[in-house]
Amino acid sequence: PQIDAWKAMCIDLSETRNDEAANSFLNTLEEPPPRTVFLLLTSRPDGIVATVRSRCQTVRFHPWAFSLMEPFLRERAGIGREEAWALHCATGGLPGAALRMAEEKFTATRALVLRALAAGRFDSARELMAEASAWLDDLEEKHRRRAAALEKQRPPGLDPQGIKDEEEKEEAYLAAEKRADFDRLLLIVLSWFRDLELLGAGGQRELVVNQDQLAALESRAGGLRPGAAAAALARVETSRRAVRLGGAGRFTYQLTLENL
């Protein structure tokens, strides 16, 4: 603002690795102009280079209420109320993450996984992997395209050490993306067992995440033995932690699914 003593600059880092720009920005972050505040926006803090992240103070914005999320996703992604509710719950009310998941056809993957869960087709690791195989193939193709795009973004004229440094940064960035993408699959499974636990304990139907699967959930919850859904929730959470701490590849994901 030209008439105020303080100035604020918003920089959106949510959709780009932006390492080169971020590193060149370090001096400005360390010695900012007087009365100036920089706001670096991202839904993936671990995707920001460590040298920049360490010089920033983290401020978490409050998630959106569903009354805001539903019209936002309807206008931007053309999806209905039930899908908007599922995305709202899966992302914890984060509009940017919900929109990205809608654009990446998360709802189609969700429908595939939930149909299999409702039909009881996840009774073995082999059946689970068969259901997830096509989705994992799509993820691998997406990551190959992303890797090629990152390679094209490298600054020209790099020496061998510079190329090696860029490759290491790209590898770290892609690994974080792969873990986030696979975590979405586990979130679908998590939401199913969370709903079963809720209904089995006599919770309100309005709080069910997967509203479009309400009939199937109530049917399965009625025959569920006590503690079964809670135990499944614990296994899914353990799997999510294993993915965050482990490698980012198909073999790791297969082992994770088998452990479920």
Side-chain angles (χ1 to χ4, degrees), residues 8 10-16 39-47 58-119 122 131-132 134-135 138-139 142 176-177 179-222 229 232-233 236-237 240 243:
C10 295
I11 303 174
D12 188 356
L13 301 179
S14 60
E15 300 298 332
T16 177
L39 302 176
L40 308 184
L41 310 178
T42 182
S43 59
R44 297 178 180 176
D46 59 340
T58 300
V59 178
R60 299 188 181 278
F61 291 89
H62 293 295
W64 280 15
F66 183 61
S67 59
L68 295 175
M69 183 73 83
E70 182 190 8
F72 170 76
L73 291 176
R74 184 173 61 247
E75 178 182 349
R76 297 288 295 276
I79 63 177
R81 180 180 177 82
E82 289 181 344
E83 290 184 358
W85 173 253
L87 289 173
H88 174 73
C89 294
T91 61
L94 302 178
L99 181 60
R100 182 170 60 251
M101 291 169 77
E103 292 172 343
E104 294 177 357
K105 309 303 181 185
F106 172 83
T107 52
T109 301
R110 171 183 170 273
L112 181 151
V113 175
L114 290 182
R115 280 198 301 270
L117 283 166
F122 281 178
E131 292 291 341
W135 187 70
D138 289 342
L139 275 186
K142 170 195 168 184
E177 268 208 346
R179 283 191 290 268
D181 284 338
F182 187 71
D183 189 55
R184 295 175 194 174
L185 175 61
L186 296 180
L187 280 173
I188 302 171
V189 181
L190 185 73
S191 72
W192 173 266
F193 289 114
R194 178 262 183 198
D195 287 345
L196 284 179
E197 174 73 3
L198 172 72
L199 293 172
Q204 299 179 28
R205 301 168 82 241
E206 294 78 11
L207 298 179
V208 167
V209 171
N210 301 292
Q211 287 287 331
D212 55 337
Q213 299 290 323
L214 188 56
L217 283 162
E218 289 180 326
S219 174
R220 295 296 292 262
L233 278 171
V236 177
E237 285 292 6
R240 294 184 68 201
V243 169

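Of all heavy-atom pairs spanning Leu196 and Ala221, the tightest one is CD2-N, 3.7 Å. Among all heavy-atom pairs drawn from Leu198 and Gln204, the shortest one is CD2-O, 3.6 Å. The two atoms that bring Glu206 and Gln211 nearest to each other are O-NE2, 3.4 Å, heavy atoms only.
Looking at Arg205 and Glu218, their side chains come closer than 4.5 Å, going by heavy atoms from C-beta outward. No side-chain heavy atom of Glu70 sits under 4.5 Å from any side-chain heavy atom of Trp64.
Taken to the nearest 0.5 Å, the CG atom of Leu87 stands 4.5 Å off from the CD1 atom of Ile79. Put simply, CD on Glu82 and CD on Gln213 are 9.0 Å apart, with the number rounded to the nearest 0.5 Å. Between the CZ atom in Phe193 and the CG atom in Leu217 there is a gap of 10.5 Å [rounded to 0.5 Å]. Residue Leu99 holds its CG atom at 12.0 Å from CG of Leu94, rounded to the nearest 0.5 Å. Note that CG of Leu73 and CD of Glu83 are 10.0 Å apart. Values are rounded to the nearest 0.5 Å. Rounding to the nearest 0.5 Å gives a distance of 11.0 Å between CG of Leu186 and OG of Ser191.
Judged by distance alone, with hydrogens and angles left aside, the side-chain atoms of Trp85 form no donor-acceptor pair with the main-chain N or O of Phe66 at under 3.5 Å. Put simply, the side chain of Asp195 gets close to the backbone of Asn210: a donor and an acceptor are under 3.5 Å apart. In this structure, Arg220 contributes its side chain and Ala118 its backbone to a donor-acceptor pair below 3.5 Å.
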